[in-house]
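Take a look at the structure below.
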Amino acid sequence: CLPGWRAGDARCEKDIGRRIGLATGAASSLNCIWASKDLCHQTKIRVYQSLVLSILTYNSETWTLKETDKHRLRVFEMAVLRRICGVSLKDRWRNEDIKAMLGITDDITRVIQKKRLTYFGHVVRMDKERIPKIMVDGRLHGVRPVGRPRKKWIDGIVEDCDEMGIPLIQAIRSAEDR
């Protein structure tokens, strides 16, 4: 369990912060690679994707991302990509230009979205007795606390489907059919 985590607290901010911290450590340990003039950008991107991005996105398919979380992830991603290019914030290059120069089409939130939808398909195909399936399909009984309800994992899936222009029912049928 994470420090400060308690039962019933399903928020992801602490896990996301922890993952960003671990990925920052991995990225900073690779500063000699980012600064190397002997390696091409394509090789550096492969190192970034295999070492840094895999640490950052570990278990990300279970996250419920808020806009602040998405922003933190994008800031981290651009900081590493700027190091790979050797570009400082003072140079005032646009993020889109840096991504185009490196050949990156998907930002970090899109990568997480794809992982989450892949896991959603896996959960949809599970037996009804499996705990992840029960957690997605189940309903809680009792009195709802005052205030806005917290964002649930399935709410993130609905947003992902809406963003892709696919109704949730069609996504479920596609997942069942593979």
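Source: prediction; values computed, not measured.
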Looking only at heavy atoms, which two atoms of [X] and [Y] are closest? And how far apart?
X	Y	result
Ile108	Arg74	CG2-N, 3.9 Å
Arg19	Ile55	NH1-O, 2.9 Å
Gly86	Asp91	O-OD2, 4.5 Å
Arg150	Asp155	O-OD2, 4.3 Å
Pro132	Val123	O-CG1, 4.0 Å
Arg72	Ile16	NH2-C, 4.2 Å

N/O donor-acceptor pair under 3.5 Å between [X] side chain and [Y] backbone:
X	Y	result
Asp177	Ser174	no
Lys151	Leu65	yes
Ser60	Thr57	yes
Lys152	Thr64	no
Lys115	Glu61	no
Arg83	Met78	no
Asp15	Cys12	no

Going by heavy atoms in the side chains, are [X] and [Y] under 4.5 Å from each other?
X	Y	value
Pro167	Asp162	no
Tyr48	Leu81	yes
Leu89	Arg82	yes
Leu56	Leu73	yes
Gln49	Ser54	no

Identify which one of Lys114, Arg116, Arg110 satisfies the salt bridge (Lys or Arg N to Asp or Glu O under 4.0 Å) criterion when paired with Asp160.
->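 In the set Lys114, Arg116, Arg110, the residue that makes a salt bridge (Lys or Arg N to Asp or Glu O under 4.0 Å) with Asp160 is Arg116.
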
Are Arg173 and Glu176 ion-paired here, with the side-chain N under 4.0 Å from a carboxylate O?
->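 Glu176 and Arg173: not salt-bridged.
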
Can a salt bridge be assigned to the pair Glu77 and Lys99 using a cut-off of 4.0 Å between side-chain N and carboxylate O?
->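 Salt bridge flag = yes for Lys99 with Glu77.
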
Please assess Gln113 against Glu159 for the test side chain to side chain contact (heavy atoms under 4.5 Å, CB included), listing each intermediate value before the final yes or no.
-> CA-CA 10 Å; Gln113 181 183 45; Glu159 286 177 9; over 6 Å; no

Determine whether more than 12 heavy atoms belonging to other residues, nucleotides or ligands lie under 6.0 Å from atom [atom1] of [X].
X	atom1	result
Arg125	CZ	yes
Gln42	CD	no
Met135	CE	no
Lys70	NZ	yes
Arg94	CZ	no

Atom [atom1] of [X] and atom [atom2] of [Y]: how far apart are they, to the nearest 0.5 Å?
X	Y	atom1	atom2	answer
Glu67	Asp69	CD	CG	9.0 Å
Gln170	Cys161	CD	SG	9.0 Å
Ile45	Cys85	CD1	SG	7.0 Å
Arg92	Asp97	CZ	CG	12.5 Å

Indicate if [X] and [Y] have the same hydrophobic cluster label, given that clusters are the connected sets of ILVMFWY residues with side-chain heavy-atom separations under 4.5 angstrom.
X	Y	result
Leu117	Trp63	no
Phe76	Tyr58	no
Val80	Val111	no
Trp153	Leu168	yes
Tyr119	Leu53	no

Begin with the C-alpha distance, continue with both residues' side-chain angles, and end with the deciding distance and a verdict on side chain to side chain contact (heavy atoms under 4.5 Å, CB included) for His122 and Met126.
-> CA-CA 7 Å; His122 182 67; Met126 283 183 182; 3.5 Å; yes

Candidate pair Ile154 and Phe120, rule side chain to side chain contact (heavy atoms under 4.5 Å, CB included), full reasoning | CA-CA 9 Å; Ile154 196 70; Phe120 173 69; 3.9 Å; yes

Can you check side chain to side chain contact (heavy atoms under 4.5 Å, CB included) on Lys133 and Asp127, steps first, answer last?
-> CA-CA 7 Å; Lys133 181 78 168 181; Asp127 294 332; over 6 Å; no

